[in-house]
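Take a look at the following structure, please.
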Amino acid sequence: MTSMRFSKTAAFAVASTVLAQRPEDTSICDYYTTALLKDNTADNQATLLTLVVNTVVIGNYTEPNVGVKVPGILAPGKYNGTDVNLLPYFTGELASSNRGGSHGVSVNFLDGGGAEPLKNNKPANSESSSQYFLLTHLYQFFGSLLGCSKQGMPGFDAYEGHASMYEVHKFMDLDPYEFGYFISQVGLAASSFGVANSDIQVVATALNSLFGYRCAPPTTVIESQGAQLQAICIDEACPLAEEATCDSYGPAVEPSSVPPSNSTSTTWMASYPSTPKPTGSGSTTSASSSYVSPYPTAIPTAGAVANGLGLAAAAGGIVAFLL
Ligand code: HEM
Ligand SMILES: *[C@@H]1O[C@H](CO)[C@@H](O)[C@H](O)[C@H]1NC(C)=O
Ligand SMILES: *[C@@H]1O[C@H](CO)[C@@H](O)[C@H](O)[C@H]1NC(C)=O
Ligand SMILES: *[C@@H]1O[C@H](CO)[C@@H](O)[C@H](O)[C@H]1NC(C)=O
């Protein structure tokens with residue numbers, strides 16, 4: 001990751017005002033990079049993705065914001081009335097990471113300083129930590145999904161992580177509530193930076209259709225990586241894909257717990273911004289009501305997903321999947 005020298009206050013002067021409608025031929029990444037950080041450079045695109053992904057992970061931390069509270073994926077919450085707690089997948093409490101074997105292993109993804117570097121707009125304190133690889137891969141992957149036109153140039157690397165989102169997540173046995181909660185945090189984070197609801201819907205719909213259906217056939221997400229198994233929601237409660245290819249997926253098995261002595265959750269909670277607790281009722285802000293169900297009644301066509309992401313005119317992205 002390149003340097004993160006920018007003035008938060010100056011950079012976000014525009015964020016509190018309502019942004020104009022995004023032109024159809026401009027990708028979401030390019031549009032909001034220009035709107036929020038002025039120059040549409042590779043460095044600024046990397047910064048935008050850093051800000052948004054860090055907010056998805058630890059909740060809103062930048063000032064000013066537009067009054068949208070983002071709990072973040074590490075905070076316990078509710079999705080559609082069901083309690084969700086994704087933190088154990090990241091602390092090593094669950095043997096849920098794929099390191100090539102026939103079953104999941106425990107990995108602590110908060111080993112690079114936890115929330116503190118993220119609050120400083122960095123992925124991690126150490127470039128050899130699991131946290132560093134996870135966060136930088138998320139910046140790159142979402143940059144590609146959002147059609148960042150300068151990605152691959154100095155300042156913002158192309159996606160360097162694993163090609164199959166199924167392989168990455170296969171030992172997590174994620175269900176619709178966990179998956180939906182993750183996407184709701186992506187939507188809230190975007191909303192907290194002033195991204196228009198119409199653009200948030202486009203992203204949520206794309207994430208749902210690409211990763212939310214079990215047994216989904218191989219699909220290209222990152223053009224250079226070709227068609228891959230991409231289902232992240234693989235629990236039996238997840239909706240079945242059209243043209244399901246269940247034979248190409250292994251059985252979805254719940255990950256086992258790892259003894260507490262091996263887990264980092266206690267240290268993590270101590271450094272967490274607001275020591276979140278599960279809440280008694282539904283979503284925390286009105287903004288979240290627009291993405292309560294991650295599943296559209298009809299699966300959108302690939303073309304609709306493409307147009308929405310503004311990728312028709314942008315290089316790369318999920319264009320290959322669409323054509
Ligand atoms: C639309 C939904 C999601 C997308 C697009 C997504 C994408 C990604 C990507 C790109 C990576 C990095 C892969 C690599 O480094 O090779 C990753 C890793 C990971 N994701 Fe997700 N993810 C999603 C949902 C979730 C959910 C719901 C969880 C729940 C806990 C989760 C937990 C993780 C974990 C623990 C890792 C680290 C895996 C490892 O390195 O072994 N993800 N994800
Ligand atoms: C997150 O956003 C809410 C709503 O605007 C705000 O009250 C809260 O102070 C923010 N948290 C941080 C750490 O900035
Ligand atoms: C959310 O709740 C509604 C109403 O109970 C239900 O119809 C819908 O299927 C639920 N969505 C998910 C993802 O569970
Ligand atoms: C727990 O930690 C010990 C000591 O670091 C290690 O030998 C052991 O394999 C770990 N157990 C699990 C299940 O990860």
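Computed from a prediction, not measured in an experiment: that's the story for all the values here. Whatever order the structure lists ligands and atoms in, that order sets their numbers, starting from 1. As a basis for the values below, the full set of heavy atoms in this structure was taken, side chains included, without hydrogen atoms, waters or symmetry mates. Quick note: residue numbers are just sequence positions, from 1.
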Exercise for review: Enumerate the atoms of ligand 1 whose separation from the nearest heavy atom of Val168 is less than 4.0 angstrom.
Suggested key: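 This gives 13 (C), 17 (C), 18 (C), 38 (C) as the contact atoms.
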Point to revise | Sub-3.5 Å N/O-N/O distance, Glu178 and ligand 1 | key: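 In this structure, Glu178 places no N or O atom under 3.5 Å from an N or O of ligand 1.
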Practice item. Heavy atoms only: give me the nearest Pro217-Thr245 pair and the separation to one decimal. Key: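 So the two residues come closest at CA-OG1, 3.6 Å.
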Check your understanding: Below 4.0 Å from any atom of ligand 1, is there a heavy atom belonging to Tyr159?
Key ->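 A heavy atom of Tyr159 does come that close to ligand 1.
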Review point. Does the side chain of Asn121 pick up a donor-acceptor pair with the side chain of Tyr61 at under 3.5 Å?
Key: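 There is such a pair between these side chains.
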Point to revise | Side chains of Gln225 and Tyr159, donor plus acceptor under 3.5 Å | key: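 Distance-only check fails for Gln225 and Tyr159.
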Exercise for review: Answer yes if the side chains of Asn54 and Tyr139 hold a donor-acceptor pair under 3.5 Å, and no otherwise.
Suggested key: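 Side-chain D/A pair, Asn54 to Tyr139: present.
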Practice item. Just need the protein heavy atom nearest to atom 1 (C) of ligand 1, so name the residue and atom and give the distance. Key: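 Looking only at protein heavy atoms, the one closest to atom 1 (C) of ligand 1 is Phe179 CE1, 3.7 Å.
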Check your understanding: Purely on distance, is any nitrogen or oxygen of Tyr89 under 3.5 Å from one on ligand 1?
Key ->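 No, no N or O pair falls under 3.5 Å.
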Review point. Any nitrogen or oxygen of Asn60, main chain or side chain, under 3.5 Å from a nitrogen or oxygen of ligand 2?
Key: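 In this structure, Asn60 places an N or O atom under 3.5 Å from an N or O of ligand 2.
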Check your understanding: Taking all atoms of both residues into account, what is the closest heavy-atom pair of Phe109 and Gln131, and its distance?
Key ->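 Closest approach of Phe109 to Gln131, heavy atoms only: O-CB, 3.1 Å.
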Point to revise | Protein heavy atom at shortest distance from atom 32 (C) of ligand 1 | key: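 Result for atom 32 (C) of ligand 1: Phe90 CZ, 3.4 Å.
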Point to revise | Ile73 and ligand 1 - part of the residue with a heavy-atom distance under 4.0 Å | key: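 No part of Ile73 comes within reach of ligand 1.
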Practice item. Could you tell me whether Lys69 and ligand 2 have an N or O pair separated by under 3.5 Å? Key: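 Between Lys69 and ligand 2, no N or O pair is found under 3.5 Å apart.
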Exercise for review: Measure the acute angle between the ring planes of Phe211 and Phe141, then classify it against the limits of 30° and 60° as parallel, tilted or perpendicular.
Suggested key: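 The rings of Phe211 and Phe141 sit tilted, inter-plane angle from 30° to 60°.
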Exercise for review: Would you mind listing which atoms of ligand 1 come within a distance below 4.0 Å of any non-hydrogen atom of His162?
Suggested key: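 Checking each atom against His162, I get 14 (C), 16 (O).
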Check your understanding: Can you tell me the protein heavy atom closest to atom 27 (C) of ligand 1 and the distance?
Key ->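 Looking only at protein heavy atoms, the one closest to atom 27 (C) of ligand 1 is Phe182 CB, 3.5 Å.
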Exercise for review: Under 4.0 Å, heavy atoms only, figure out whether ligand 2 is touched by the backbone of Val70, its side chain, both or neither.
Suggested key: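 Near ligand 2, Val70 shows nothing, with every heavy atom at 4.0 Å or more.
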Practice item. For Gln151 and Ser144, indicate whether the former's side chain and the latter's backbone hold a donor-acceptor pair under 3.5 Å. Key: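 Such a contact is found between Gln151 side chain and Ser144 backbone.
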**Study point:** Any side-chain donor near an acceptor of the partner, Asp30 and Ser149, under 3.5 Å
**Key:**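 Judged by distance alone, the side chains do pair up.
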Point to revise | Polar side chain donor-acceptor pair, Tyr31 to Asp199, under 3.5 angstrom | key: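 There is no such pair (donor and acceptor under 3.5 Å, judged by atom type) between the side chains of Tyr31 and Asp199.
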Review point. Under 3.5 Å, side chain of Gln45 to main-chain N/O of Lys150, donor-acceptor pair present?
Key: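 Such a contact is found between Gln45 side chain and Lys150 backbone.
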Review point. Counting heavy atoms only, which of Arg99, Gln230, Met172 comes nearest to atom 34 (C) of ligand 1?
Key: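 Residue with the shortest heavy-atom distance to the ligand atom: Met172.
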Check your understanding: Hey, which atoms in ligand 1 end up nearer than 4.0 Å to a heavy atom of Gly161?
Key ->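 Matching atoms, with element in brackets: 16 (O).
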Exercise for review: Give the residue and atom name of whichever protein heavy atom lies nearest to atom 28 (C) of ligand 1, and the separation in Å to one decimal.
Suggested key: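 Among all protein heavy atoms, the one nearest atom 28 (C) of ligand 1 is Leu174 CD1, 3.6 Å.
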Review point. Can you list the ligand 1 atoms lying under 4.0 Å from a non-hydrogen atom of Phe142?
Key: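 Numbered from 1, ligand 1 contributes 5 (C).
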Practice item. Could you tell me which atoms of ligand 2, counted from 1 in the order shown, lie closer than 4.0 angstrom to a heavy atom of Val68? Key: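 So the answer, numbered in order with elements, is 2 (O), 5 (O).
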Exercise for review: Scan side-chain atoms only and decide if Glu116 and Asn120 contain a donor-acceptor pair under the 3.5 Å cut-off.
Suggested key: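 Yes - a donor-acceptor pair under 3.5 Å links their side chains.
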Exercise for review: Write down the atom of Ala42, the atom of Pro154, and the distance for their closest heavy-atom approach.
Suggested key: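 The answer is CB-O, 3.4 Å.
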**Study point:** Numbered atoms and elements of ligand 1 in range of Ser97, under 4.0 angstrom, heavy atoms
**Key:**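 Counting from 1, the qualifying ligand atoms are 41 (O).
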**Study point:** Minimum-distance protein heavy atom relative to atom 15 (O) of ligand 1
**Key:**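 Looking only at protein heavy atoms, the one closest to atom 15 (O) of ligand 1 is His137 ND1, 2.6 Å.
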Exercise for review: Return yes when Val107 approaches ligand 1 closer than 4.0 angstrom through a heavy atom, no otherwise.
Suggested key: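 No, Val107 has no heavy atom closer than 4.0 Å to ligand 1.
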Practice item. Give the residue and atom name of whichever protein heavy atom lies nearest to atom 22 (N) of ligand 1, and the separation in Å to one decimal. Key: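 The answer is His169 NE2, 2.9 Å.
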Review point. Tell me, which protein residue and heavy-atom name are nearest atom 11 (C) of ligand 1, and how many Å apart are they?
Key: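 Result: Leu138 CD2, 3.8 Å.
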Practice item. Could you tell me whether a side-chain N or O of Ser164 sits under 3.5 Å from a main-chain N or O of Glu167, the two making a donor and an acceptor? Key: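 Yes.
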**Study point:** Selection from Phe141, Tyr139, Phe211 by shortest heavy-atom distance to atom 10 (C) of ligand 1
**Key:**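 It is Phe141 whose heavy atom sits nearest to atom 10 (C) of ligand 1.
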Check your understanding: Atoms of ligand 1 less than 4.0 Å from Leu134 heavy atoms?
Key ->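 Answer for ligand 1: 17 (C), 18 (C), 19 (C), 36 (C), 37 (C).
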Exercise for review: Looking only at protein heavy atoms, identify the closest one to atom 39 (C) of ligand 1 and say how far it is in Å.
Suggested key: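 Ranking protein heavy atoms by distance from atom 39 (C) of ligand 1, first comes Phe109 CZ, 3.3 Å.
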**Study point:** Considering all heavy atoms, the nearest Pro71-Leu188 contact
**Key:**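 Closest heavy-atom pair between Pro71 and Leu188: CD-CD1, 3.9 Å.
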Exercise for review: May I ask you to check whether Tyr32 and Phe193 place their ring centres under 6.0 Å from each other?
Suggested key: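 No, the ring centres sit 6.0 Å or more apart.
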Review point. Near Glu63, which atoms of ligand 2 are under 4.0 Å from a heavy atom of that residue?
Key: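 By the 4.0 Å cutoff, the relevant atoms are 14 (O).
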